[in-house]
Enquirer: 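I'd like to ask you about the structure that follows.
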There are 2 protein chains.
Amino acid sequence: MTTGEARSAIRLSPMEVPKASDVLANELRERILSGEYPEGTPLPPERELVVQTRMSRTTVREALRILEVQGLIRIKAGRAGGAFVQRPGEESVASSLDLLIRGRQLRLASVHETREAIEPSCARLAALHRTAGDLARLEVTNEAIAASADLDAFLRANVDWHVAVATAGHNEILTGIMMALSRAIYTATNNEGFVNDEVRDITVRAHRSVTRAIKERDADAAVRRMTRHVHSYAAAALEVDERTTVAVPEED
Amino acid sequence: MTTGEARSAIRLSPMEVPKASDVLANELRERILSGEYPEGTPLPPERELVVQTRMSRTTVREALRILEVQGLIRIKAGRAGGAFVQRPGEESVASSLDLLIRGRQLRLASVHETREAIEPSCARLAALHRTAGDLARLEVTNEAIAASADLDAFLRANVDWHVAVATAGHNEILTGIMMALSRAIYTATNNEGFVNDEVRDITVRAHRSVTRAIKERDADAAVRRMTRHVHSYAAAALEVDERTTVAVPEED
DNA sequence: ATGCTAAATTGGGTCTGACCTTTAGACCAC
DNA sequence: GTGGTCTAAAGGTCAGACCCAATTTAGCAT
């Protein structure tokens, strides 16, 4: 229409030409994900893969590197070393979320929003599925908060408690997410001195009441209390945040 | 004492020797995450990095590959190609969650649990922040469900709607998570024929009512209705799952 | 036998240098 | 204009060597 364009009706979409290393990586990834190889199974040595695939060692190594970054294999050096199958764990989710948050310089509000969405459910699941060991961990970490001397110790222990709640829910997806969120909040809240004795006291009390609900397997109470706790924490953190950082550079 | 040992009081703890490529990758990653380089900034060509860092091209390339897998750079071949800074997006979170779910062969129940935890909040945020465009997308995708001919079309459109809800909430973290969960549920629900006209009808109606709440910015109703919808969907899917998969003999 | 040391072996990590392929751009021929 | 050809820039692949780390294992001293 606008210019000479439609001489032929044949249309093609842009086509992908995969790289050799990607091909290998994909093949191995599918095999690993299929569960064909149990955790810890050693992959063939690089030089062996070279002869099997007829690719160069460079290519093979790039493929392995990809899988390593994705958390699907673990690579050890030295004799009896090599690439070993590994099922991805919470950490890999946590680290990718971490990249998203840091890389996009996401508003702290997003993180808190997400947390408010997730933590109450974690509490609910914890109330339903917690074991005695989970409970012990909750109590230990909360005492650590009460005993925390400086800001950093407080935040660290705080993170531990929240992760412990997630863990007690025995849902690996939620646990992974919570780990990432906690880490992000930890680093974000660190440099500002909004933690005083009062805050710490309130926190400990709130944690105790949630813990009690989890102990008594009272799911509804756990949700309610956690919701309240997270919400007020978020509100407080946000307020401090607005006081300190004036303009958040927003775009798109 | 035991053997010649204590000639000096100096003690050292075991030390980590990071790999060269990791060092480079970490350095670049920090710079990128710091926001120092705006999106699209080209990194120096590989051969240039070689002379700057005095590492070999192999090492440089491994570092770049790491960053690429982490979604921090995009690499194009050809003249005017190279590595370009990219902020990680929802997809990277989605794919890592995907690996977790597939790799661990997580119980479908975990996925549904997570979804029940998250989607109501997505609905709430959507009700609060939706734009006119978001609303239009919700309606379009839901009509696509009603018009879907086969199972695959139904599931695909279904996923689209749910992702659209998350998108309308304008929280990138939750969006990423929802994308991954939807994908997982899509593949999990695919091969079983539990979708009949009745299911489709119920789904469309539920979606309509949620959409209406979002349209009217009624957050509470959105949460309530989405909770109900997701819960019943999960229950139905689980039931079918238990009926069909005694042992999962799937592979291609 | 026992226990320690030293060499051999296996395997990943790095380097070099070459060549191939893809892409953008320019120039030319029809 | 349309299409071919060439060139330069950049990533992709390859082959081969060497380096370093972790185990085994063989040998030797007690």
Side-chain angles (χ1 to χ4, degrees), chain A residues 1-8 10 12-28 40-69 72-86, chain B residues 1-7 12-28 40-69 72-86:
Chain A
M1 235 1 133
T2 49
T3 56
E5 249 294 5
R7 291 187 328 231
S8 168
I10 297 178
L12 288 175
S13 32
M15 301 175 66
E16 304 264 319
V17 181
K19 285 179 295 187
S21 46
D22 286 331
V23 173
L24 212 202
N26 290 340
E27 166 78 20
L28 290 173
T41 305
L43 263 50
E46 295 178 354
R47 287 151 173 108
E48 173 64 21
L49 285 175
V50 167
V51 310
Q52 286 183 21
T53 63
R54 297 180 192 183
M55 291 166 166
S56 73
R57 197 161 156 224
T58 319
T59 305
V60 168
R61 280 179 58 81
E62 279 204 355
L64 293 179
R65 182 52 49 98
I66 291 172
L67 298 179
E68 189 190 27
V69 174
L72 290 168
I73 61 176
R74 189 170 24 96
I75 296 179
K76 279 196 312 188
R79 181 167 178 176
F84 299 86
V85 171
Q86 194 186 221
Chain B
M1 248 335 142
T2 50
T3 57
E5 249 295 4
R7 292 188 326 236
L12 290 176
S13 33
M15 301 174 68
E16 300 276 318
V17 181
K19 286 181 293 189
S21 45
D22 285 333
V23 173
L24 213 203
N26 290 340
E27 166 79 19
L28 290 173
T41 305
L43 263 48
E46 295 178 355
R47 286 153 172 107
E48 174 62 21
L49 284 175
V50 167
V51 311
Q52 286 184 20
T53 63
R54 299 181 191 181
M55 291 166 166
S56 74
R57 200 167 155 220
T58 319
T59 305
V60 168
R61 281 179 58 80
E62 279 204 356
L64 292 178
R65 182 50 48 95
I66 291 172
L67 297 179
E68 189 189 28
V69 174
L72 290 169
I73 61 176
R74 190 173 20 95
I75 297 179
K76 280 195 313 189
R79 182 172 179 168
F84 299 86
V85 171
Q86 196 185 220

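Chain identifiers are assigned alphabetically (A, B, ...) following the order of the sequence lines, protein sequences preceding nucleic acid strands; residue numbering begins at 1 within each chain.
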Enquirer: Counting only side-chain heavy atoms from C-beta out, which of D/dG11, D/dG12, C/dG13 sits nearest to B/P45?
Expert: D/dG11
Enquirer: Starting at CD1 of B/I75, measure out to CZ of B/R61 and round the result to the nearest 0.5 Å.
Expert: 7.5 Å
Enquirer: Atom NZ of B/K19 to atom P of D/dA21: distance rounded to whole Å?
Expert: 13 Å
Enquirer: So what does A/T58 hit on the nucleic acid, given a heavy-atom distance under 4.0 Å: a base, only sugar-phosphate, or nothing?
Expert: base
Enquirer: Going by number, which of residues 74-82 of chain B have a non-hydrogen atom under 4.0 Å from DNA chain C?
Expert: B/A77, B/G78, B/R79
Enquirer: Set out, line by line, the N/O atom pairs under 3.5 Å between protein and nucleotides 18-20 of chain C.
Expert:
none

Enquirer: Think B/S21 has a side-chain N or O under 4.0 angstrom from the OP1 or OP2 of C/dG13?
Expert: no
Enquirer: I need the CD1-P distance between B/I66 and C/dG13, as an integer number of Å.
Expert: 11 Å
Enquirer: Given atom CG of B/L49 and atom C1' of C/dT14, what is their separation to the nearest angstrom?
Expert: 17 Å
Enquirer: In whole angstrom, what separates B/L43's CG from D/dG11's C1'?
Expert: 14 Å
Enquirer: Might you point out which heavy atoms bring B/G40 and B/F84 nearest each other, and give the distance in Å?
Expert: O-CD2, 3.3 Å
Enquirer: Just how far, in rounded Å, is P of D/dT13 from CG of B/L64?
Expert: 14 Å
Enquirer: If every non-hydrogen atom of B/S56 is compared with every non-hydrogen atom of B/V50, which pair is closest and at what distance?
Expert: C-CG2, 4.0 Å
Enquirer: I would like to know whether B/L43 and B/I73 meet side-chain contact (heavy atoms from CB on, under 4.5 Å); could you show each step before the answer?
Expert: CA-CA 9 Å; B/L43 263 48; B/I73 61 176; 4.2 Å; yes
Enquirer: Where is the tightest heavy-atom contact between A/E46 and A/L64, given as atom of each residue plus distance?
Expert: CG-CD1, 3.7 Å
Enquirer: Answer yes or no: does a side-chain N or O of B/S56 lie under 4.0 Å from OP1 or OP2 of C/dT14?
Expert: no
Enquirer: Rounded off to whole Å, could you give me the CZ-to-C1' distance for the A/R54 and D/dA15 pair?
Expert: 17 Å
Enquirer: Would you please test A/T59 and A/L24 for side-chain contact (heavy atoms from CB on, under 4.5 Å) and show each step?
Expert: CA-CA 8 Å; A/T59 305; A/L24 212 202; 5.6 Å; no
Enquirer: Do you know the tightest heavy-atom contact between B/A20 and B/M55?
Expert: O-CE, 3.6 Å
Enquirer: Does A/R65 pair with A/E62 as a salt bridge, N-O distance under 4.0 Å?
Expert: no
Enquirer: Taking atom P of C/dG12 as reference, at what distance in whole Å does atom CD of A/E62 sit?
Expert: 16 Å
Enquirer: Whole Å only: how far is the CZ atom of B/R61 from the C1' atom of D/dC14?
Expert: 11 Å
Enquirer: Do you know the tightest heavy-atom contact between A/A63 and A/A25?
Expert: CB-N, 3.8 Å
Enquirer: Does atom CD of A/E16 have more than 12 heavy-atom neighbours from other groups under 6.0 Å away?
Expert: no
Enquirer: Between CG of B/L28 and CG of B/L49, what distance do you get to the nearest 0.5 Å?
Expert: 7.0 Å
Enquirer: The helix from C/dA1-D/dT30 to C/dC30-D/dG1: angle between its terminal axes, five pairs each, to 10°?
Expert: 20°
